[in-house]
Amino acid sequence: MLIDKNMVLTNVHADNEIDLITILAQRAFEMGYLSNVNEYISAVLKREKEFSTAFGYGVAIPHGETEVVKSSFLGFCKPFREVLWGTNKTPVSMVFMIGVPKKQKSTLHLKILADLSRHLLDSEFRDQISKSKTAADIYNLLISIEKGIKIP
């Protein structure tokens, strides 16, 4: 299962992207998706340094390449208030964190990004997530993303 209801967080208090990345990575570690949380955070921050994963529409999709991802996951975080992301200070109100085992990275990572991006280009889908008040409501919306992705 790519999306677990316990990986959907709402009303998270954070000052910046590092806080949000750390909070989601820590939850992934607690849920057993990662063998080493600090190494995963380092990989994600390295990717952010190369090119910000905030791409507009109030969305960021942090991810990193490392051997410490034990099984694929998609985490979601809706901060309590908008966070300015990266050096460009892009306003972000929805964070989708992707974790994929390195051996599956090339194909699965691209499938997840493609399907997630397709959904996020739909303003109605973004609005539904934005207006959702509970993690359960958001989880139910995110299930539609998983339907199009085959996890080996």
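Thr134 and Asp137 share a side-chain donor-acceptor pair at under 3.5 Å. Between the side chains of Thr66 and Glu39, at least one donor-acceptor pair of N or O atoms lies under 3.5 Å.
Contacts of Asn140 classified as side chain to side chain donor-acceptor pair (under 3.5 Å), with partners at least two apart in sequence or in another chain: none. Here Phe76 pairs with Phe96 under the ring-ring contact (aromatic ring centres under 6.0 Å, His included) rule; sequence neighbours left out.
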- Query: Checking side-chain contact (heavy atoms from CB on, under 4.5 Å) for the pair Leu120/Ile61: CA distance, chi angles, key distance, verdict?
  - Reply: CA-CA 11 Å; Leu120 291 172; Ile61 308 177; 4.1 Å; yes
Please assess Leu141 against Ser132 for the test side-chain contact (heavy atoms from CB on, under 4.5 Å), listing each intermediate value before the final yes or no.
CA-CA 9 Å; Leu141 290 168; Ser132 293; 3.5 Å; yes
Quiz prompt | Steps toward side-chain contact (heavy atoms from CB on, under 4.5 Å) verdict (Leu34, Arg27) | solution = CA-CA 9 Å; Leu34 305 173; Arg27 178 61 62 94; over 6 Å; no
query: Between Ile21 and Tyr40, is a side-chain contact (heavy atoms from CB on, under 4.5 Å) present by the stated rule, with each step listed?
result: CA-CA 10 Å; Ile21 288 167; Tyr40 182 73; 6.0 Å; no
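Under the 4.5 Å side-chain contact rule for hydrophobic residues, Tyr139 and Tyr33 do not share a cluster. In the hydrophobic cluster analysis, where Ile, Leu, Val, Met, Phe, Trp and Tyr join through side-chain heavy atoms closer than 4.5 angstrom, Phe29 is grouped apart from Leu74. In the hydrophobic clustering of this structure, Leu142 does not group with Phe73; members are Ile, Leu, Val, Met, Phe, Trp, Tyr whose side-chain heavy atoms approach within less than 4.5 Å, directly or through other members. Linking ILVMFWY residues whenever their side-chain heavy atoms come closer than 4.5 Å, directly or via other members, leaves Val68 and Val100 in distinct clusters. Phe125 and Ile143 end up in the same hydrophobic cluster when Ile, Leu, Val, Met, Phe, Trp and Tyr side chains are linked at under 4.5 Å.
For Lys46 (side chain) and Glu65 (main-chain N/O), no donor-acceptor pair under 3.5 Å exists by modelled atom type. Gln26 places no side-chain N or O within 3.5 Å of a backbone atom of Val37 that could act as its donor or acceptor partner.
Atom CZ of Arg118 sits about 4.5 Å away from atom CG of Asp115, to the nearest 0.5 Å. Distance CD1/Ile138 to CD1/Ile129: 7.0 Å, rounded to 0.5 Å. Between Ser35 atom OG and Glu67 atom CD the span is 9.0 Å, to the nearest 0.5 Å. Asp122 contributes atom CG, which lies 7.5 Å from atom CZ of Arg126 (distance to the nearest 0.5 angstrom). Atom CZ in Phe55 sits 5.0 Å away from atom OG in Ser117 (nearest 0.5 Å). The CD1 atom of Ile98 lies 11.5 Å from the CG atom of Leu24; values are rounded to the nearest 0.5 Å.
When every heavy atom of His13 is checked against every heavy atom of Ile23, the shortest pair comes out as O-CD1, 4.0 Å. Counting all heavy atoms, side chain and backbone alike, Asn16 lies closest to Ile18 at OD1-N, 3.0 Å. Shown here for Pro79 and Ser93, the closest heavy-atom pair between the two residues is CD-O, 3.3 Å. Between Lys89 and Leu84 the shortest heavy-atom distance is O-CD2, 3.5 Å. Of all heavy-atom pairs between Gly32 and Lys70, the closest is O-CE, 3.0 Å. Between Val69 and Gly99, the shortest heavy-atom distance links the atoms CG1-C, 3.7 Å.
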For residues 1-8, dump all side-chain donor-acceptor pairs below 3.5 Å to protein atoms at least two apart in sequence or in another chain.
residue, atom, partner, partner atom, Å
Asp4, OD1, Asn6, N, 2.6
Asp4, OD1, Asn6, ND2, 3.2

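Side-chain contact between Tyr57 and Leu121: present, with at least one pair of heavy atoms (C-beta onward) separated by less than 4.5 Å. Counting heavy atoms from C-beta on, the side chains of Ser52 and Trp85 come closer than 4.5 Å. Side-chain contact between Val44 and Arg47 is absent, with no heavy-atom pair separated by less than 4.5 Å.
In Glu124, the CD atom is not crowded: 12 or fewer heavy atoms of neighbouring residues, nucleotides or ligands sit closer than 6.0 Å.
None of Val12, Thr90, Leu20 except one satisfies the side-chain contact (heavy atoms from CB on, under 4.5 Å) rule with Val83; the exception is Leu20.
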